Novice: 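Before I ask anything, let me first share the structure, which is written out below as structure tokens.
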Amino acid sequence: MSEMTQTAAKPRIERAATASRTYTIFVIIGLAALILAPMFFYPIFLMKLLCFALFACAFNLLLGYTGLLSFGHATFFGGAAYFTAHAVKEWGFPPELGILTGVLGAALLGLIMGFFAIRRQGIYFAMITLALSQMFFFFCLQAEFTQGEDGIQSVPRGHLFGFIDLNSSTNMYYFVLGVFLIGMVIIWRFINSPFGMILRSIRENEPRAISLGYSVARYKLGAFVMSAALAGLAGGLKSLVFQFATLTDVAWQMSGEVILMTLLGGIGTLIGPIFGAGLVVTLQNYLATSQFPVTIVTGVIFMVCVLVFRRGIIGEFYASRLGRKLGFEHRR
């Protein structure tokens with residue numbers, strides 16, 4: 001029996017080894033590309049792409065690995081942008097403490113919103129998050145510290161750790177890249193931890209998870225807060241990159257954009273939302289000055305993906321023959 005078991009397990013072990021080697025190669029190539037990217041592309045464009053890629057990955061943590069569709073993630077992204085901008089401009093916080101303030105504020109908002117939202121499922125959960133998000137939008141419209149429709153402008157980037165001048169686009173880019181990589185490592189560790197395995201079980205069969213004795217509500221709330229905090233990390237970065245925070249960051253359209261990015265790239269995959277965010281941001285950047293309406297082009301691409309790539313671009317690649325051969329299907 002032991003020999004038969006070892007024989008049956010051998011192909012699985014080989015696929016896992018192949019997947020590990022492939023992932024290592026892709027990670028090295030990706031890191032090299034990101035490090036060299038400012039030599040070939042406009043740094044502001046790259047920083048915007050990284051911010052929204054992190055935002056999409058944070059959202060995917062909730063949708064792809066927990067099965068919860070939130071229509072209110074702009075609250076955490078835009079809320080952290082406001083908190084960071086206000087702390088840096090009005091309180092004189094250095095950029096690292098300003099971003100930390102935004103992350104803590106987003107986590108608190110996630111705790112409050114999640115406490116009410118996780119009591120419902122499906123479309124009711126989505127509608128509650130949308131309603132609470134709209135409440136926060138109108139709060140930002142009326143609050144004094146957000147400066148209403150004008151937003152918080154001329155946000156200083158300051159000096160990182162007191163000596164690295166972030167007014168330099170190169171320094172700012174590598175700071176954003178460093179924060180992005182830290183965020184991705186946190187997400188990777190989170191989804192590959194026992195906590196992440198339980199979240200997947202809740203996504204696949206919630207009644208069974210309850211029958212096994214897991215406190216599903218607490219796990220959902222934990223995932224919601226973690227997703228909100230990481231979305232806040234992206235929002236705080238964005239406010240420093242563009243040096244302003246406006247109502248656009250907390251509008252419902254921002255929640256729709258991150259959903260679109262995640263679905264285009266592939267939900268439940270680690271790098272799918274990065275590709276989705278890259279596609280949407282690139283279209284917005286290069287079609288903004290053309291005669292083509294960006295929203296229509298993006299909508300057409302989304303329709304094609306829904307009809308042809310039901311798992312998203314990266315999701316379909318993982319499920320393809322080449323993806324299975326490389327072991328990606330087993331490393332989602």
Side-chain angles (χ1 to χ4, degrees), residues 15-35 37 46 49-68 70 73 76-77 80 99-100 103 106-107 110 174-204 219-237 258 261-278 311-315 317-319 323-324 326-332:
R15 286 196 298 268
T18 301
S20 296
R21 289 194 296 269
T22 305
Y23 261 77
T24 301
I25 293 172
F26 272 78
V27 167
I28 293 173
I29 294 174
L31 286 175
L34 289 173
I35 292 172
L46 294 173
L49 193 155
L50 290 175
C51 289
F52 278 95
L54 181 57
F55 183 27
C57 289
F59 175 78
N60 183 53
L61 184 64
L62 191 64
L63 175 61
Y65 294 96
T66 315
L68 299 176
S70 168
H73 255 54
F76 317 125
F77 181 81
I99 290 176
L100 180 60
V103 171
Y174 287 110
F175 171 59
V176 172
L177 176 59
V179 175
F180 169 77
L181 294 176
I182 291 173
M184 291 305 299
V185 170
I186 292 173
I187 293 173
W188 176 85
R189 185 68 188 90
F190 189 81
I191 62 179
N192 288 284
S193 67
F195 192 95
M197 297 298 113
I198 296 172
L199 291 181
R200 295 187 190 191
S201 69
I202 293 173
R203 178 195 64 188
E204 297 298 331
Y219 281 100
K220 284 183 177 180
L221 183 59
F224 200 97
V225 172
M226 176 61 73
S227 179
L230 289 168
L233 180 62
L237 271 178
V258 75
M261 293 172 184
T262 305
L263 293 178
L264 285 176
I267 62 174
T269 62
L270 185 61
I271 64 173
I274 299 176
F275 278 80
R311 299 182 182 90
I313 298 173
I314 300 300
F317 171 70
Y318 281 4
R324 291 196 301 270
L326 295 175
F328 285 113
E329 180 68 13
H330 303 277
R331 297 285 300 274
R332 292 174 66 88

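We're numbering straight along the sequence, starting at 1. Just so you know, these numbers come straight off a predicted model, no measurement behind them.
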Novice: Say you draw a straight line from CD1 of I313 to CD1 of I271; how long is it, rounded to the nearest 0.5 Å?
Specialist: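 Here the rounded value is 11.5 Å.
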Novice: First locate atom CG of L230, then atom CZ of F55, and finally report the distance between them rounded to the nearest 0.5 Å.
Specialist: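 Going from CG on L230 over to CZ on F55, the span is 11.5 Å.
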Novice: Flag the pair L233 / I99 as yes when at least one side-chain heavy-atom distance between them is below 4.5 Å, and no otherwise.
Specialist: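 When only atoms from C-beta onward are counted, I99 and L233 do touch, with a gap below 4.5 Å.
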Novice: Could you check whether any side-chain heavy atom of I191 comes within less than 4.5 Å of a side-chain heavy atom of R200, counting everything from C-beta outward?
Specialist: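 Answer yes - side chains close enough.
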Novice: Do F224 and F76 have ring centroids that are under 6.0 Å from one another?
Specialist: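 Yes; F224 has its ring centre under 6.0 Å from that of F76.
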Novice: Looking only at heavy atoms, which two atoms of A80 and G232 are closest? And how far apart?
Specialist: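 Taking every non-hydrogen atom into account, CB-O, 3.1 Å.
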Novice: So, Y219 side chain and G196 main chain: donor-acceptor pair closer than 3.5 Å or not?
Specialist: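 Not at all, since once roles are kept as given, no pair shorter than 3.5 Å links the two residues.
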Novice: About how many Å separate CG of L63 and CG of L263, when rounded to the nearest 0.5 Å?
Specialist: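 One finds 6.5 Å between CG of L263 and CG of L63.
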Novice: With a 4.5 Å cut-off on side-chain heavy atoms, are L199 and L61 touching?
Specialist: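 Contact flag for L61/L199 side chains = no.
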Novice: Just how far is it from atom CZ of F175 to atom CG of L50, taken to the nearest 0.5 Å?
Specialist: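 Reported to 0.5 Å precision, the distance equals 12.5 Å.
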Novice: With side chain to side chain contact (heavy atoms under 4.5 Å, CB included) as the test, would you mind laying out the steps for L181 and L31 before giving the verdict?
Specialist: CA-CA 9 Å; L181 294 176; L31 286 175; 3.8 Å; yes
Novice: Examine F52 together with F59 and report whether their ring centres are nearer than 6.0 Å.
Specialist: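 Distance test on ring centres: not under 6.0 Å, no.
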Novice: Taking all non-hydrogen atoms of both residues into account, name the closest pair between A58 and S227 and its distance.
Specialist: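 Reported closest heavy-atom pair: O-OG, 2.6 Å.
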Novice: Roughly how far, to the nearest 0.5 Å, is NE2 of H73 from OG1 of T262?
Specialist: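 So the gap between those two atoms works out to 9.0 Å.
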Novice: Hey, does F180 have a side-chain heavy atom less than 4.5 Å from the side chain of L237?
Specialist: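 No. Closest side-chain heavy atoms not under 4.5 Å.
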Novice: Rounded to the nearest 0.5 Å, how far does CE of M226 lie from CZ of F195?
Specialist: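 Between atom CZ of F195 and atom CE of M226 there are 8.0 Å.
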Novice: Show the nearest heavy-atom pair for residues L270 and P273, with the distance to one decimal.
Specialist: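 Distance-wise, the nearest heavy atoms are O-CD, 3.9 Å.
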Novice: Would you say that M261 contacts N60 through its side chain, given a criterion of any heavy-atom pair below 4.5 Å between the two side chains?
Specialist: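 Not in contact.
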Novice: Kindly give the heavy-atom pair with the smallest separation between L62 and S70, and that separation in Å.
Specialist: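 Minimum heavy-atom contact is CD2-CB, 3.9 Å.
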Novice: Using every non-hydrogen atom in the two residues, find where I187 and C57 come nearest and quote the distance to one decimal.
Specialist: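 Between these two residues, the closest heavy atoms are CD1-CB, 3.7 Å.
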Novice: What is the minimum heavy-atom distance between K220 and I202, and which atoms define it?
Specialist: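 Heavy atoms only, the tightest pair is CE-CG2, 4.1 Å.
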